[in-house]
Amino acid sequence: MKTPPLPRLRAELLRWYRRNQRPLPWRNCPTDVYRQMLAECMLQQTQVATVIPYYERWLERFPTIQSLAAAEQDEVLKYWAGLGYYSRARNLHSSAQQIVQQRGGKFPGSAEEWMQLPGIGRYTAGAICSIAQRQRQPILDGNARRVLSRWFALRAQPSPRTTAKLWQLAEQVMPKNNCGDFNQAMMELGATICRPREPHCDTCPVTRYCQAFQQKIVQKIPVKKSTRSTPTVHLICVAITHRHRMLIRRRPPRGLWGGLWELPTHPVSARQDRTEAWQQLWQELWTGNNAQQPEVNWYDSRVRHQLTHRTIELTIGRVNMTSWTNKTPVTSARWIKPAERNDYALSRVMSKIWDWVVL
DNA sequence: AAGCCGGGGTG
DNA sequence: CACCCAGGCTT
């Protein structure tokens, strides 16, 4: 593998970055460790444009790491609701508490220490250290992976070995000083110029040092991994009302939409119909209640929701418990007024269903 | 090494 | 639709 003249490549890239970087909120405060930590966590697998409004709203409610550490998880999830990958919010909350309660509010001082915290992997640790703490640490995200693969014309299949090789390259190309700017420049180039599909090689500042460009194989790099199918999962979701109140339930602390609230759902397994699923859901909500359960009015149309690796198809039902005597369900559930909906963290799809059912 | 975890932007 | 996004964690 040919190595480009690194000093010149670094200089050209940094020059381009200083002139062309996008004005992003977290770039106004590069050495604010809390804000950088927040941004990096929100940006995991999430595009910049999606993050910005969440980032701003979050900082109004949790301006400091102390305020975040002191908050209830419910409140934290509420400000993450809709952003996806909710373990990030739980982990960030937990990390904030560790920093405040166990370290007296003092942030970790090295990448190794950062990686001890939940939700902080090698990328995030490297980003915080290099950008906010001005240390010399490499990063490797989706952008850097693509940029480096092209610079070095790396044709290897995606694999842990390839990832290790790319980390090695990331370490090799980073400059002695200004490592944070260089890392950001690499990501910025990947996001705006060296894009996956239609890279703007005509405006790229470093084509002279790009092996893939020189060999005219930019489009073929990086090698994509084979795509998996997206199976469809069927769920029922039942809006249970009583005296103008809606029954909502907190989902289990881990797993899909962990810790968020929902109108009660239950999977409809193969060779099973919605009525059987409703019976099982009923048992979950009113454990040990053997009385006859009410009939559900099912809507004809279904709600489809696309996730990355699966399609969710929901059958929506409605139950009004007018003359029901045993109105108290399990502790994870509660009756709320429609106006109280904004007090609870709902996933995107549940938000959609709520509007559909309530309005 | 592979699966799980959301939701949105984009061609 | 398909692909990918400033990834991390569990199995």
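Every chain is numbered from 1, with letters handed out A, B, ... down the list of sequences.
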Expected string for nucleotides 4-11 of chain B under the B/S/- scheme (protein heavy atoms, under 4.0 Å, primed atoms plus P, OP1, OP2 as sugar-phosphate) is -BBBBS-S
R254(A) CZ to dT10(C) P, straight-line distance once rounded to whole Å: 7 Å
Quiz: residues 171-182 of chain A side-chain donor-acceptor pairs under 3.5 angstrom, not counting sequence neighbours:
| unit_1 | atom_1 | unit_2 | atom_2 | d |
| --- | --- | --- | --- | --- |
| N178(A) | OD1 | R134(A) | NH2 | 3.4 |

How long is the line joining CD1 of I139(A) and P of dG8(C), in whole Å? 11 Å
Whole-Å distance between dA6(C) C1' and Q21(A) CD? 14 Å
Between L117(A) and R22(A), who's closer to the 5' end of DNA chain C by nearest nucleotide? R22(A)
Scan W80(A) against the nucleic acid and name what it touches under 4.0 Å (heavy atoms): base, sugar-phosphate only, or nothing. nothing
Verify whether one side chain among E284(A) and H266(A) offers a donor that lies under 3.5 Å from an acceptor in the other. yes
How far, in whole Å, is dG9(B) from dG8(C) if one measures between their C1' atoms? 23 Å
Classify the angle between the aromatic ring planes of F107(A) and W114(A) as parallel (below 30°), tilted (30 to 60°) or perpendicular (above 60°). parallel
Could you state the CZ-P distance from R145(A) to dC4(C), rounded to the nearest angstrom? 12 Å
Side chains of T46(A) and R88(A), donor plus acceptor under 3.5 Å: yes
So, Q306(A) versus T311(A): side-chain donor-acceptor pair below 3.5 Å or not? yes
Taking the side chain of R146(A) as its heavy atoms from C-beta onward, which of dA6(C), dA1(B), dC5(C) lies nearest to it? dC5(C)
Could you check how far CH2 of W167(A) sits from C1' of dG7(C), rounded to whole Å? 10 Å
Classify the nucleic acid contact of T227(A) as base, sugar-phosphate or nothing, counting any heavy atom under 4.0 Å across all strands shown. sugar-phosphate
Whole-angstrom distance between dC9(C) and dG8(B), as gauged at atom P: 24 Å
According to a strict under-4.0 Å criterion, is T124(A) in side-chain N/O contact with OP1 or OP2 of dA6(C)? no
Categorize R27(A) for me: base, sugar-phosphate, or nothing, with a 4.0 angstrom heavy-atom threshold over every strand shown. base
Go through dC3(C), dG7(C), dC9(C) for me and flag the one nearest to the K224(A) side chain. dC3(C)
Examine Y85(A) and L83(A) and state if one hydrophobic cluster contains both, with Ile, Leu, Val, Met, Phe, Trp and Tyr joined whenever side-chain heavy atoms are less than 4.5 Å apart. no
Would you say the side-chain atoms of R318(A) and Y299(A) include a donor-acceptor pair closer than 3.5 Å? yes
Base, sugar-phosphate or nothing for L24(A)? Non-hydrogen atoms, less than 4.0 Å. base
For dA6(C) and dG3(B), measure between their C1' atoms and round to the nearest Å. 23 Å
For a quick check of understanding: with a heavy-atom distance under 4.0 Å over all strands, which category does V48(A) fall into, base, sugar-phosphate or nothing? sugar-phosphate
Quick check: on DNA chain C, is the nucleotide nearest W26(A) upstream (toward 5') of the one nearest I120(A), or the reverse? Name the residue that is more 5'. W26(A)
